[in-house]
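Take a look at the structure below.
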Amino acid sequence: MRMTLQEVFKGALAEIASGFRRYPVWVALARESIGDQHRRTTLGPLWLVLNYFLFAGAFVVVFGHRNEIENFPAYVATGLYVWLLMSETINMAVPLFRREANYIKGTTLPLFVYVMRLAMQTVIRGAYSGAGWIVLMLFLVQPSLEQWLMAFAGLAVIVLALPAVITIFALLGAFFPDFEFITGNLVRVGMFLTPIFWIHGNDGGLRQMLYEYNPFTHFLAIVRQPIISGELPVMELVLCLGISAFAWVLAFFLLGALRKKVVFVV
Amino acid sequence: MTVSIKAQSVGLRYRILRPLTLRPKDKRLLKTGGTISGSGRRQHVQALEDVSFELSAGDRLGLVGANGAGKTTLLKMLYGIMEPTSGSLSISGRVDALFNINLGFRPEATGRRNIELRGLINGWTRQQIEEAMPEIIEFSELGDFIDMPFKSYSQGMAARLAFSVATTLTPEILLMDEWIGAGDAAFQKKAGERMNALTGQAGIVVLASHNDKLIRRVCNKVLVLEKGRVKKFAPLEKKRA
Ligand SMILES: Nc1ncnc2c1ncn2[C@@H]1O[C@H](COP(=O)(O)OP(=O)(O)OP(=O)(O)O)[C@@H](O)[C@H]1O
Ligand SMILES: [Mg+2]
């Protein structure tokens, strides 16, 4: 059965609207998932902060000496914070629908509820490691109120894009099981291809291309630049908003076209 | 608005959407069940075909048929998890369903938390959940186990919890898939009484089962499916004592 564009559009709208309306469900499920992850640990979600400190510390120690990047520890710590937030979300988004197969095959919840559950979960996890990041920044740069506000505006742009990005990756993951391994590898490699601990020297070549054509670069920049240089990265913000808008349009149509088929493939 | 279910020549065709993969093709295929057609990446199973029936308030329908006849598929379609690929289906009434007991429960969460989650999923308000909680716990007879993780329950305990949650805020239409056998005799009796009460209040029950005795005890109509088609749809005469 072919779907008309109108059906796709209506379906996506219904899906997203009822997904938002069922917010008590995704709030509860997000809390449940965070709980599941930490139920047996003594430190609970504090592990998220510790984990972040460990990572940031290791990067600063390993790459920090003889480095001409201005305020290198803050540069790395901020870049790493944003990178971990995004890459962990992608890693969890790909198997999302398969993991929720129990609920998808047994209840009539809209798929968008699961998407929002993961988005919410990311925000909660991000808040924990974010506390660690804030402490580090207070130590390393003492940003002004203005700098904080600009950085948080950058984070807000990322949060706005989350549901769309999760939808796209979760659908791809549901229909193409191999995708999980592809993204798994890309994310691992991406850590080095993304300017978390390096910067390009305007010398052209591969390094500069990796810098400019990697969308993550710009999402890192909208949070990092305000903290490091105190400037609002206007170009980057516009670019990120553009990428987010594109992601939302893509997510919208994919959801409209595929939402009734997911139950058959998970 | 009265509670009713009306299926007109409903069909459901599973597309075997083989996930695109680089793995070599799996040659094993389904042997019993519906009709497989197509080849390569485009295979279909016609799980239901030309199924028509009507149910109204007070009906308790027993769904019977061999493995793969389409019982679960029909229930899932009535619940709204899948849409029919042909024909039309109209349902009026608030539906709740009990499939495979583990579908829709979180193993790590306690029984109590699972009740809350189910309630939220069914669209109950916080207040409704709080009010129903003591009754659900009491009906399930789980006692202190209600604060233990769901994964520590036996099959029958899980069935008790699932049934209690699904029936306490009386749904108008209750769908059940072969599972109630997990409960012990005492609980089955209690559950049977509750199902009767539910249909007494102008509800509908649809129960899929291989257990003839159970169907005879609970149901007043029976729908026999064979390879996805209706073989018989008739009232069930009560066995004389
Ligand atoms: N997800 C699926 N994808 C493809 N085919 C399916 C799927 N689920 C069920 N089928 C097919 O649909 C047909 C009906 O299956 P269904 O589960 O409805 O049978 P059933 O009557 O409930 O059987 P049982 O008594 O074993 O529970 C079977 O041929 C089965 O192989
Ligand atoms: Mg079945």
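Note: hydrogens, waters and symmetry copies are ignored here, and every other heavy atom, side chains too, is used. Convention: sequence-line order gives letters A, B, ...; per-chain numbering from 1.
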* Side-chain heavy atoms of A:Trp26 within contact of A:Phe20, under 4.5 Å -> yes
* Below 4.5 Å from any heavy atom of chain A, which atoms of B:Ala97 appear? Answer side chain, backbone, both or neither. => neither
* To do: Taking atom types as modelled, find out whether A:Ser33 and A:Arg125 have a side-chain donor-acceptor pair closer than 3.5 angstrom.
  => no
* To do: Measure distances from B:Ile121 to the heavy atoms of chain A and classify the residue's part below 4.5 Å as side chain, backbone, both or neither.
  => both
* To do: Under 4.5 Å, counting heavy-atom pairs only, tell me which of B:Ile81, B:Leu117, B:Leu120 racks up the most with chain A.
  => B:Ile81
* To do: Could you tell me if the ring centre of A:Phe219 sits under 6.0 Å from that of A:Phe216?
  => no
* Is any side-chain N of the basic residue among B:Arg113 and B:Glu116 closer than 4.0 Å to the acidic one's carboxylate O? -> yes
* Asked: What part of B:Glu83 lies closer than 4.5 angstrom to a heavy atom of chain A: side chain, backbone, both or neither?
  -> side chain
* Asked: Checking heavy atoms, do the side chain of B:Asn122, its backbone, both or neither come under 4.5 Å from chain A?
  -> backbone
* Determine the interplanar angle of the A:Phe152 and A:Trp133 rings, folded into 0 to 90°, and report it as parallel if under 30°, tilted if 30 to 60°, perpendicular if over 60°. => perpendicular
* Asked: So what's closer than 4.5 Å to chain B heavy atoms on A:Lys260: side chain, backbone, both or neither?
  -> side chain
